[in-house]
Amino acid sequence: MALPQRKTDIGPPHFEQFLPPVIKKNYGKWKYHEVLSHNTMVHVAESGDKLWTVRVASPRILSTDTIREHCDIAEKYCGGYLRYTTRNNAEFLVSDEKQLEPLKKDLASRGFKMGGIGYGITNVVHTQGWVHCHSAATDASGLVKAMMDELFEYFESKSLPNKVRLAVACCVNMCGAVHCSDIAVVAVHTKVPTVKHDLFKNMCELPTVIGSCPTRAISPDPANKSVKINPDKCMYCGNCFTVCPPISIKDPERDGVAIVVGGKINSLRSNPKFSKLVIPYISNEPPRWPKVVAAIKHIVEVYAANARKHERMGEWIERIGWERFFSLTGIDFTFQSIDDFTFMRDTMRTASTFKW
Amino acid sequence: MALPQRKTDIGPPHFEQFLPPVIKKNYGKWKYHEVLSHNTMVHVAESGDKLWTVRVASPRILSTDTIREHCDIAEKYCGGYLRYTTRNNAEFLVSDEKQLEPLKKDLASRGFKMGGIGYGITNVVHTQGWVHCHSAATDASGLVKAMMDELFEYFESKSLPNKVRLAVACCVNMCGAVHCSDIAVVAVHTKVPTVKHDLFKNMCELPTVIGSCPTRAISPDPANKSVKINPDKCMYCGNCFTVCPPISIKDPERDGVAIVVGGKINSLRSNPKFSKLVIPYISNEPPRWPKVVAAIKHIVEVYAANARKHERMGEWIERIGWERFFSLTGIDFTFQSIDDFTFMRDTMRTASTFKW
Amino acid sequence: MKKYNTPLIDQLEKGPWPSFVTEMKKAGKTNEMANDAVGHLEKCYTTKMGYWKHGGIVGVLGYGGGVIGRYSEIGDEFPGVAHFHTVRLNQPSGFFYTSKALREICDIWDKYGSGLTNVHGSTGDLVLLGTKTDALEAIFAEYSSRGWDLGSSGSALRTPSCCVGPGRCEWTMYDTLGLNYALTQEFQDEMHRPTFSYKFKIKSSGCACDCVASIARADMSIIGTWKGDIQIDQNEVKNYASKMNINAEIINMCPTQCMSYDGKELKINNAECSRCMHCIAKMTKALKPGKERGATICIGSKAPIVVGSLLSWVIVPFIKIEEPYTEVKELIRKIWDWWDENAKPRERIGEVIEMKGMRSFLEAIGVPPMPQQIKEPRKDPFMFYTEDDIASYKAKEAEEKKTGKYKF
Amino acid sequence: MKKYNTPLIDQLEKGPWPSFVTEMKKAGKTNEMANDAVGHLEKCYTTKMGYWKHGGIVGVLGYGGGVIGRYSEIGDEFPGVAHFHTVRLNQPSGFFYTSKALREICDIWDKYGSGLTNVHGSTGDLVLLGTKTDALEAIFAEYSSRGWDLGSSGSALRTPSCCVGPGRCEWTMYDTLGLNYALTQEFQDEMHRPTFSYKFKIKSSGCACDCVASIARADMSIIGTWKGDIQIDQNEVKNYASKMNINAEIINMCPTQCMSYDGKELKINNAECSRCMHCIAKMTKALKPGKERGATICIGSKAPIVVGSLLSWVIVPFIKIEEPYTEVKELIRKIWDWWDENAKPRERIGEVIEMKGMRSFLEAIGVPPMPQQIKEPRKDPFMFYTEDDIASYKAKEAEEKKTGKYKF
Ligand code: SRM
Ligand code: SRM
Ligand code: SRM
Ligand code: SRM
Ligand code: SF4
Ligand code: SF4
Ligand code: SF4
Ligand code: SF4
Ligand code: SF4
Ligand code: SF4
Ligand code: SF4
Ligand code: SF4
């Protein structure tokens, strides 16, 4: 069968053709919204028109079958219009209030999970993991599934002091806004890479490899026409491995995950913040990573019990102090939590004022 | 005349022999104090004993004549005891209330200036300047004199929201706690040093000189058996000059001073803070540096008019924001105020939240 | 089709959260590649290790990106994933679709690929997960002929992305969807033919909520903001008073402490407001942003490799964002010019600014220094002065001598 | 004696603040060196430049420091300051003197030096300003025979210094004067014979007011603090209530917001107090620190050369400071040992810790990691793990498997 004529540099289709009529009409003229429940909100336009949104959980890896099911539903209740969110949930947009309950009933009966709006836990930003990336030190999708099963009530119905944004990165490249999440899991390698010297000279550029190392752990190994790695300086970031295939860093028994907390993106109340390392290492335990899941749940619960309304995780921690975060959660404080990289100066305490 | 027998490593005399009896008796057993005026405070011991302190301004450079005059006064009213403060004022310690007024009268009649206690401006921490240091880009003592003449009322009687600690450093070595002062003047060179190549090889060590440069501006100049300086990288810190006499950095028309503000030392309310650069350059104008003096006075006055009680300069600025500090004081914001050194990352704004 | 025994990942089909394993199996029912992907993943779970190789360079004619090459080390065991490249399809602004469009996308993908997708990838693309090298041209022809283009990868402008903005949100300060579309169209060449020193990402959020997380993961973050007074509807304030503790939840949480509420009237000292959006977001019926609208442009955020994560830095405190967006486009080109001149390979713009200093960058793009760009001024006295700087200080001093009035 | 015409510096004799020029002239009346120092300074003011050369190495037999060599470039024009070395006399703890002692110091100085002093230098020494090389041995003999020793200079332990503490202050949490004396005596060798890689300064403040500015300018800052509840005298609180607005000035300014005052009783949630001293300092009659007293030890502060100023970092959150101060002394020796092993020339301890990492340092001195040492944990995921670390995490996990309870 002949292929159709290809076109280049046409860019994406204009979004306008995908906007439901109520949006086209009220484009940029919304007045306010109300969160009706964890799964539904309504936006009211200056014109008085209303738009209901029902948010539906997505595993992000979707089969075309499921996308088609989304389409079926959209056609039935939403005039064929739908959207996805920046955190990969599906959203069904209803302009006729009468369609709302039937839509939700249908979604429920098909097993779709609704929620993620307001002060709870929405979908987890995450990455490829073992499903698709060569760099992965863990599987992201599996971790997300295990976490969200456990935290599901916060998606569906239970409220928290504010949103808790979770993320999972399968290596320190941290594809996603992992580094500014309320709680994030980042997978880490923990062993110095090995170099296949015989392949090095054909596959890698010496200056690139040396330059790739943030801690200058790599130096030329002229005898082998390759490089050598100083084990005292390497902190297993894998950047050398990224630029040079004969360098290998994976190790099933040593790869694991770390947990960082207290980041945020928006500027409400306080500036955006990076997440900070609190648990340096938990072994990879597929398929359900029980300790990782337990740790996250524990942190969420301590936050829920102690934070003030509207306080994000990081705002709460900064109010009470990190030393109090560690004592309230009972998390061991380790050397890994002490910055010895670019921000060391600004993260050490420079006053005798702290809490016991 | 034969010299007496020298002794080594005896250390300083034990302080106990210099403590007045009331202190010896109540050592470590003080209960509270009261600030009676800008020049007098009283400390009350648990025993009920009282100790009055009268603080007297000092130019820090003292002739032995003046020290002897301090001695005369101490003998007359204080049993021969006196002390100096960590900011170089003299303190006369009175245990008999009856001596207090006569002491002050005598001090006044001799022209000594009393003050510096409580919420005002006390002595200026400063350094050697042209009086004694080879590194000086200005004179410290002259600046202090000019400043304190102008700010004298804040020493003697007029109160501020809290203490305002001033400092002057005659070069970026910043001998003193200049870098954490409410307002400090730091003298700067502004021209790339020149190198006397012929003297270099005999007087300097190449690696030391190269290593001395924080910005790696210095590289070997093999032709001259000396070094060369990259003008694009040099920021005139003078560290190369410190380690290598044939390098010269002084320039009468270009040496000048910068003004930094908002630092603090103590941990009351907020952590210790570094002072931050607000005025990058004012020409050296001996003998009275009128613009420097005017700038400092102006900043003090804006602070006095706007800060809340107990707020230190830096606390006030952090509450209102640096952009507001610049608009309230009318100080021009220049490129020099944008960090391009070690703290750049942590000093750029990373949010759309600021004031117009 | 081979039926894999997958006891480990089967456990990820249990529990309330939708299961990606179920999705993979669904696709695997009819699709050989997806089926092998399931077996391949089970093997990863069993051995606690991934088996993907470094991606080779694959793609479509005339483009330098848009496809991520992926091969398995154990392709003989799982031939369906021996090649398993992803295709990045450029999503429409705001991730809006019609069912018709989505069905078309699915049909093509079922024909040539694994039937598995990521809706969406972290950058924003609609990611088609797993196909073979020889299918790429056909895939591209099918999609592009129907109006879909590839997104980006490699050292290029990456697929721009934005929040839903005017599509549904009352707070958007500019047309995020429109800007995002316009920039994507404007820079097609920069997206598809990697000539940069490294990746460059642009993300547009309509307000400080930053629902597309631009401040943390975009080399250029365009965040809506306003000038002028927050608009207050005092009647609505009263309604909120019956539902919330306005003093505890709003007044005391205002970071600039510029609000007051006496039980009757809500007051805002707008001059001191930093437009953080807290009060507006939590009392959306009562409060509205001011009327002069635009955006703050920030630069440089990225993930931690190589020298630690960066958040974007404010460079243009306020800019109008209006069609045809000439000012923003020109700014972007100036930014790239400077970057191009100064970057070493694999250096993101933020890293280059850190190396060369903000001044060099700002001067190149023609933006003056402003206190809004910084959280606080420098601490150390290690400043550069140009000859011009000194000359201008001296000129100012000469002027002052004449007028008798200092200008600090 | 030559009479210099000094129109410029004469202007610094006017105005209310005591004049250093007057002091210099006073000494210059009878002292040739001081007189030439006056002329020399006028020349600096006229030409806007200093004329001192780099200090050569001068000193007294057996000591490697305590004297700063200073020569003028224009010594022929001003022979009195051709040599103009300073002698650093080690001050007594807390800068306490008797008039007798001071007179003795002055008499010797008039005999051998310029008659000019700094009371005191920034480090704390009583600085004798300006003498000639050949007078140094005599000066040392005269002073040391009368019980005064030299302070320090060069790559050595610099003269320790402290706040007035128990001498007069109600807040001192330990005997600053005693500790300062004891450390000075203990480390005479390290003070007088420079063998360090660079200078090392120790400063002791009795409380968080830090009246000797230790946190900013001491490689080791010893700052008094306490454990236990703040002691409240509610009657005195009432007295303050009539003089100040307790809620505005105290409660609202408490950084941890752990206080409350209902007009009758002041309450403190001591568990959340960070011991900042604000409330105590501003209501000294009503509030007193808790009863278990000691100090926090911080390390590393310095001026900005070479890589920017540092403030000292907390390493030991709480330590008892009691005679004979064995624990502190041992800690100091351990710190020096590690520094000695790891420093390059001219590297202060803070700089070395920054280079080598806090872990290496803390392990060497035997201090465990504690959240009190940090403001916040690291941001990036670039961590080192030792084999022991991993083994211990694995052991913990094995234990958890047995008990069924996680320990995070
Ligand atoms: C749909 C979505 C935008 C899109 O283009 O897809 C969106 C939509 C809304 N966001 Fe958002 N936000 C969305 C991602 C984000 C993100 C980005 C992220 O998480 O990666 C952020 C920044 C996260 C952070 O700060 O760490 C974000 C921080 C906010 C905030 C700030 C919350 C706070 O107080 O800290 C608000 C304001 C609020 O909730 O009061 C907000 C408010 C809103 C409102 C109420 C705006 C409106 O009037 O329409 C929308 C519904 C909120 C809700 O779901 O609770 N949105 N919102 C995104 C939904 C993701 C999802 O599937 O759950
Ligand atoms: C005498 C002296 C100690 C000494 O050993 O010589 C001293 C003595 C006292 N200080 Fe201090 N401080 C002395 C230098 C300092 C320094 C160091 C410096 O300035 O270089 C600081 C840190 C400065 C800073 O924070 O930047 C210092 C920060 C304080 C504070 C904190 C003030 C605040 O709220 O920010 C207090 C508490 C207060 O004032 O309420 C304090 C309180 C006191 C008290 C009230 C303590 C007491 O009960 O005796 C003493 C009288 C205060 C006064 O003069 O107003 N002292 N005080 C020093 C006098 C220097 C002078 O000549 O003026
Ligand atoms: C697919 C995706 C993750 C996902 O599951 O969604 C992804 C996947 C990869 N990223 Fe990423 N990145 C993806 C969004 C991101 C983001 C988030 C974003 O764009 O908003 C980041 C953090 C923001 C940033 O750019 O810094 C991100 C930071 C990285 C980095 C670190 C770059 C840095 O300068 O710090 C690398 C490493 C590199 O470039 O060599 C990387 C590299 C990679 C590579 C190409 C690794 C490699 O060398 O092969 C991954 C290919 C996986 C695969 O097999 O498909 N990816 N990557 C995202 C792109 C999908 C899309 O187009 O929509
Ligand atoms: C005299 C004194 C200033 C004063 O007027 O009080 C002083 C004077 C000098 N200092 Fe200092 N420093 C003095 C206290 C300080 C302080 C404050 C302190 O000790 O509390 C500091 C800041 C704290 C610190 O140590 O970092 C200080 C930081 C420096 C530096 C920068 C060191 C650094 O690591 O950043 C240098 C440069 C150097 O060592 O080469 C320096 C170098 C010098 C030299 C030796 C410059 C030189 O190479 O000749 C100065 C000799 C001047 C002279 O002719 O006498 N001086 N110097 C202070 C010592 C008097 C005393 O013993 O009591
Ligand atoms: S985080 Fe690492 S492993 Fe995961 S998708 Fe990105 S580059 Fe691949
Ligand atoms: S893993 Fe990272 S730290 Fe280790 S050698 Fe490679 S690039 Fe360097
Ligand atoms: S600050 Fe500089 S010029 Fe002044 S005394 Fe110290 S080293 Fe000398
Ligand atoms: S003055 Fe400072 S920056 Fe300039 S060359 Fe010398 S050491 Fe380097
Ligand atoms: S960033 Fe602002 S404008 Fe955009 S969707 Fe979020 S709340 Fe609305
Ligand atoms: S937008 Fe933020 S800063 Fe402005 S008034 Fe509201 S809460 Fe305060
Ligand atoms: S530091 Fe504390 S103990 Fe020492 S004098 Fe100052 S207030 Fe008193
Ligand atoms: S010492 Fe400081 S933190 Fe503690 S109660 Fe007093 S003001 Fe609050």
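Within every chain, numbering begins at 1; the chains are lettered A, B, ... in the order of the sequence lines, protein sequences first and strands thereafter.
- For C:T172, no part lies under 4.5 angstrom from a heavy atom of chain A.
- Using a 4.5 Å cut-off between heavy atoms, A:F341 contacts chain C through its side chain alone, with no backbone atom that close.
- Heavy atoms of C:C207 lying under 4.5 Å from chain A are absent altogether.
- Both the backbone and the side chain of C:L8 come within contact range of chain A, each with at least one heavy atom under 4.5 Å from a heavy atom of that chain.
- Most heavy-atom pairs under 4.5 Å with chain C, from the set A:S141, A:A90, A:A74, A:G79: that is A:S141.
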Q: For C:Y71 and A:H134, run ring-ring contact (aromatic ring centres under 6.0 Å, His included): C-alpha distance rounded to whole Å, both residues' side-chain angles, the deciding distance at 0.1 Å, then the answer.
A: CA-CA 9 Å; C:Y71 305 89; A:H134 71 290; over 10 Å; no
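- Here the side chains of C:T6 and C:Y45 are not in contact, with every heavy-atom distance at 4.5 Å or above.
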Q: Apply salt bridge (Lys or Arg N to Asp or Glu O under 4.0 Å) to the pair A:D139 and A:K145, showing each step before the final yes or no.
A: CA-CA 10 Å; A:D139 188 40; A:K145 165 73 176 142; over 6 Å; no
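- Contacts between C:W148 and chain A at a heavy-atom distance below 4.5 Å involve backbone atoms as well as side-chain atoms.
- At least one cation-pi condition fails for C:R70 and C:F84: the charged atom is not both under 6.0 angstrom from the six-membered ring centre and inside a 45 degree cone around its axis.
- For A:F152, the part lying under 4.5 angstrom from a heavy atom of chain C is the side chain only.
- For C:I108, no part sits under 4.5 Å from any heavy atom of chain A, backbone or side chain.
- In this structure, no portion of C:V81 lies under 4.5 Å from any heavy atom of chain A.
- Residue A:F112: no heavy atom, backbone or side chain, is found under 4.5 Å from chain C.
- Between C:E137 and A:R6 a salt bridge is recorded (basic side-chain N to carboxylate O distance below 4.0 Å).
- A 4.5 Å side-chain heavy-atom check between A:V178 and A:S275 finds every atom pair outside the cut-off.
- Counting heavy-atom pairs closer than 4.5 Å to chain A, the top-ranked of the candidates C:M49, C:Q11, C:R146, C:R168 is C:R168.
- The most heavy-atom pairs under 4.5 Å with chain A, out of C:Q185, C:M24, C:M277, come from C:Q185.
- Aromatic ring orientation, A:F18 versus C:Y97: tilted (interplanar angle from 30° to 60°).
- The greatest number of non-hydrogen atom pairs below 4.5 Å with chain A, out of C:S99, C:A141, C:C44, is found for C:S99.
- Heavy-atom distances place both the backbone and the side chain of A:H33 under 4.5 Å from chain C.
- Contact count against chain A (heavy-atom pairs under 4.5 Å) is highest for C:N118 among C:N118, C:T284, C:T30.
- Rounded to the nearest 0.5 angstrom, C:K25 NZ and C:F20 CZ are separated by 10.5 Å.
- Classified by interplanar angle (parallel below 30°, tilted 30° to 60°, perpendicular above 60°), the ring pair A:F274/A:F343 is tilted.
- Of the listed residues (A:P13, A:G28, A:G176, A:C180), the greatest number of heavy-atom pairs within a distance under 4.5 Å of chain C belongs to A:P13.
- Neither the backbone nor the side chain of A:H70 comes within contact range of chain C, judged by heavy atoms closer than 4.5 Å.
- Between chain C and the options A:A169, A:G111, A:G238, A:C133, heavy-atom pairs under 4.5 Å are most frequent for A:C133.
- If you measure heavy-atom distances from A:K113 to chain C, the contacts under 4.5 Å come from the side chain alone.
- Contact of C:K53 with chain A is made through the backbone alone, with heavy-atom distances under 4.5 Å.
- Comparing A:K264, A:K250, A:K24 by how many heavy-atom pairs each has under 4.5 Å with chain C, the most go to A:K250.
- In this structure, the portion of A:L93 lying under 4.5 Å from any heavy atom of chain C is its side chain and not its backbone.
- With a threshold of 4.5 angstrom between heavy atoms, A:T215 does not approach chain C through any atom at all.
- The greatest number of non-hydrogen atom pairs below 4.5 Å with chain A, out of C:H40, C:M191, C:K14, is found for C:K14.
- Between C:L89 and C:V127, the closest side-chain pair of non-hydrogen atoms is not below 4.5 Å.
- For a residue to count as touching a neighbouring chain, one of its non-hydrogen atoms must lie under 4.5 Å from one of that chain's; by this rule A:M203 does not touch chain C.
- Residue A:D339: no heavy atom, backbone or side chain, is found under 4.5 Å from chain C.
- Put simply, the side chain of C:L128 reaches to within 4.5 Å of the side chain of C:Y143, judged on heavy atoms.
- Using a 4.5 Å cut-off between heavy atoms, C:L41 contacts chain A through its side chain alone, with no backbone atom that close.
- You'll find the side chain of A:R288 reaches within 4.5 Å of the side chain of A:D149, heavy atoms only.
- Heavy atoms closer than 4.5 Å to chain A are found nowhere in C:R275, neither backbone nor side chain.
- When the shell of 6.0 Å around CD of A:E153 is examined, it contains more than 12 heavy atoms from other residues, nucleotides or ligands.
- The six-membered or imidazole ring of C:W17 lies near that of A:F155, with a centre-to-centre distance under 6.0 Å.
- With a 4.5 Å cut-off on non-hydrogen atoms, A:L51 touches chain C through its side chain but not through its backbone.
- When each of A:Q5, A:M174, A:R60, A:E34 is checked for heavy-atom pairs under 4.5 Å with chain C, A:R60 comes out on top.
- Contacts of C:L61 with chain A are made by both backbone and side-chain atoms, with heavy-atom separations under 4.5 Å.
- For C:A138, the parts lying near chain A are the backbone and the side chain together; criterion is any non-hydrogen pair under 4.5 Å.
- Contact of the A:E315 side chain with the A:R308 side chain is not registered, since no non-hydrogen atoms from C-beta on lie closer than 4.5 Å.
- In this structure, A:D251 contributes its side chain and A:E253 its backbone to a donor-acceptor pair below 3.5 Å.
- A heavy-atom distance below 4.5 Å is not found between the side chains of C:E23 and C:P18.
- In this structure, cysteines A:C244 and A:C204 have SG atoms closer than 2.5 angstrom.
- Residue C:K282 touches chain A through its side chain alone, counting heavy-atom pairs closer than 4.5 Å.
- For A:D9, the parts lying under 4.5 angstrom from a heavy atom of chain C are both the backbone and the side chain.
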Q. Step by step, would you call A:R83 with A:E91 a salt bridge (Lys or Arg N to Asp or Glu O under 4.0 Å)?
A. CA-CA 5 Å; A:R83 74 176 291 264; A:E91 284 184 344; 2.8 Å; yes
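- Between chain C and the options A:V125, A:V243, A:N266, A:V56, heavy-atom pairs under 4.5 Å are most frequent for A:N266.
- There is no contact between A:S135 and chain C, counting heavy-atom distances below 4.5 Å.
- Interface residue C:D107: backbone and side-chain heavy atoms are both found under 4.5 Å from chain A.
- Distance alone, capped at 3.5 Å, is enough to place a donor-acceptor pair between the C:Q188 side chain and the C:T184 backbone.
- C:Y181 touches chain A through its side chain: at least one heavy atom from C-beta onward sits under 4.5 Å away, while N, CA, C and O do not.
- For A:C170, no part sits under 4.5 Å from any heavy atom of chain C, backbone or side chain.
- Formation of a donor-acceptor pair under 3.5 Å by the C:S144 side chain with backbone atoms of A:T8 is not found in this model.
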